[in-house]
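Keep in mind the model is a prediction, meaning the values are calculated, not measured. Counting begins at 1 with the first residue of the sequence.
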Amino acid sequence: MIAKWLFFDVGSTLVDETECYNQRIKDAISGTDISFDEFQEKRIEFAMQNLKGDIEALKYFGLTKTPWHKELEVPYRDAENVLSALKERGYNIGIIANQSAGTAERLEKWGLLKYINVVLSSAEEGISKPDSEIFLRALQHASCSADEAFMIGDRLDNDIYPALKLGFKTIWVRQGFSSYQHLKENKVKPDFIVNNLTEILDIL
């Protein structure tokens with residue numbers, strides 16, 4: 001079956017969250033004797049265990065999660081070019097993302113919404129990845145079956161593994177802290193692995 005739909009995650013897939021995480025770390029360690037580099041080193045250590053590095057590091061140091069600075073989110077430099085090229089190639093494009101309210105508005109602000117047909121985010125749907133229900137709702141909105149769709153994301157646990165279980169084809173984008181993750185022998189492998197969005201154009 002030829003893919004008709006491409007579903008993208010947002011954070012660390014279409015949008016670079018590096019500065020958001022950096023600011024969260026700075027806020028969390030403010031007033032402590034923990035250095036940024038010390039926290040970052042522990043975060044990477046947990047990420048290499050396929051864990052959510054920032055959350056586990058906060059627990060390790062006994063710190064409280066601080067607010068997320070959405071204003072520091074920026075699209076990856078190749079995001080618009082890739083979405084535009086894929087649209088020109090005839091693909092329908094959707095979003096399946098764990099995001100706060102207003103995902104479509106943020107995509108519009110970044111100039112990306114014009115390439116996107118369907119947006120499902122956890123805040124609006126009341127359900128989050130990796131729950132299969134949000135993937136099934138996206139398929140329903142798109143009027144397509146899983147074998148006609150790709151899921152493209154940075155998280156093995158939230159994006160790739162749940163989509164594979166439902167029959168999606170998958171592309172793992174190793175951006176952000178997912179670049180420290182590794183595939184486990186007992187897990188089904190993604191169909192494709194790329195290191196940036198532009199490499200997707202060599203696949204689709």
Side-chain angles (χ1 to χ4, degrees), residues 1-17 70 73-176 178 188-204:
M1 183 73 71
I2 297 174
K4 298 177 181 178
W5 278 82
L6 310 175
F7 291 99
F8 283 82
D9 175 46
V10 172
S12 297
T13 300
L14 292 175
V15 172
D16 188 347
E17 300 175 319
K70 287 188 286 190
E73 297 174 338
V74 291
Y76 284 103
R77 287 191 299 176
D78 52 354
E80 182 167 9
N81 287 340
V82 170
L83 292 178
S84 176
L86 292 171
K87 198 73 175 171
E88 287 179 8
R89 294 178 187 184
Y91 292 105
N92 296 299
I93 296 172
I95 297 293
I96 305 175
N98 289 352
Q99 288 281 308
S100 58
T103 302
E105 289 79 2
R106 290 194 294 281
L107 291 166
E108 174 69 34
K109 179 188 73 174
W110 294 320
L112 303 180
L113 190 63
K114 61 191 173 208
Y115 306 108
I116 296 165
N117 305 83
V118 168
V119 177
L120 274 84
S121 75
S122 56
E124 281 87 4
E125 295 300 316
I127 195 162
S128 304
K129 296 180 298 184
D131 195 311
S132 61
E133 179 61 27
I134 195 167
F135 295 89
L136 295 173
R137 287 185 194 179
L139 293 174
Q140 186 176 17
H141 278 280
S143 298
C144 78
S145 59
D147 63 359
E148 297 174 310
F150 268 87
M151 181 64 206
I152 302 166
D154 69 302
R155 293 274 298 274
L156 290 169
D157 53 346
N158 274 0
D159 302 313
I160 303 305
Y161 294 147
L164 283 169
K165 286 180 182 178
L166 294 173
F168 285 72
K169 297 177 185 66
T170 59
I171 300 176
W172 180 30
V173 187
R174 299 188 67 194
Q175 293 187 143
S178 71
V188 180
K189 302 295 188 288
D191 294 281
F192 301 96
I193 301 173
V194 298
N195 295 308
N196 56 66
L197 292 170
T198 299
E199 290 180 7
I200 293 171
L201 299 180
D202 295 327
I203 297 169
L204 299 170

Residue list, side chain to side chain donor-acceptor pair (under 3.5 Å) with S122, at least two apart or on another chain: none
From NZ (K4) to CG (N92), nearest 0.5 Å: 9.0 Å
So does G11 get a backbone contact from the side chain of R155, meaning a donor-acceptor N/O pair under 3.5 Å? no
Hey, is E80 close enough to K87 for a salt bridge, meaning N to O under 4.0 Å? no
Show the nearest heavy-atom pair for residues S128 and I134, with the distance to one decimal. C-CG2, 4.3 Å
Decide if atom CD of E124 counts as having more than 12 heavy atoms of other residues, nucleotides or ligands within a radius under 6.0 Å. yes
What closest approach, in Å, do K169 and D191 show between heavy atoms, and which atom pair accounts for it? CA-OD2, 3.2 Å
Have a look at F192 and tell me which of I152, D202, I203 forms a side chain to side chain contact (heavy atoms under 4.5 Å, CB included) with it. I203
Do the side chain of T170 and the main chain of Y161 share a donor and acceptor less than 3.5 angstrom apart? no
One should read off an interatomic distance between D154 CG and R174 CZ, to the nearest 0.5 angstrom, of 11.5 Å
Do I171 and E199 have side chains that get closer than 4.5 Å, going by heavy atoms? no
Would F135 and I96 count as a side-chain contact (heavy atoms from CB on, under 4.5 Å) here? Give the steps. CA-CA 7 Å; F135 295 89; I96 305 175; 3.9 Å; yes
Compare all side-chain heavy atoms of S132 with those of K165 and state whether any distance is below 4.5 angstrom. no
Measure across L197 and Q175 and return the closest heavy-atom pair with its distance rounded to 0.1 Å. N-OE1, 3.8 Å
Over all atoms of both residues, closest heavy-atom pair of L83 and F8: CD2-CE1, 3.8 Å
Reported CZ-to-CG distance for the pair R106 and L112, which is rounded to 0.5 angstrom: 12.0 Å
Looking only at heavy atoms, which two atoms of F150 and F168 are closest? And how far apart? C-CD2, 4.0 Å
Using the side chain to side chain donor-acceptor pair (under 3.5 Å) criterion, which residues pair with N81? Sequence neighbours excluded. none
Taking all non-hydrogen atoms of both residues, which atom of N117 and which atom of W5 are closest, and how far apart? CB-CH2, 3.5 Å
Let me confirm one number: the CG-CD1 distance from L6 to I116, rounded to the nearest 0.5 Å. 11.0 Å
Given side chains that start at C-beta, do those of V173 and D159 come closer than 4.5 Å, heavy atoms only? no
Can you tell me how far the CD1 atom of I93 sits from the OH atom of Y115, to the nearest 0.5 Å? 9.5 Å
Minimum side-chain heavy-atom gap R137-I127 below 4.5 Å: yes
Indicate yes or no: does K109 engage E105 in a salt bridge with an N to O separation below 4.0 Å. no
Nearest 0.5 angstrom please: E125 CD to D131 CG, how far? 11.5 Å
With respect to I95, which candidate in L14, D9, T13, L120 satisfies the side chain to side chain contact (heavy atoms under 4.5 Å, CB included) definition? L14
Between E17 and S12, is there a side-chain donor-acceptor contact under 3.5 Å, judged purely by atom types and distance? yes
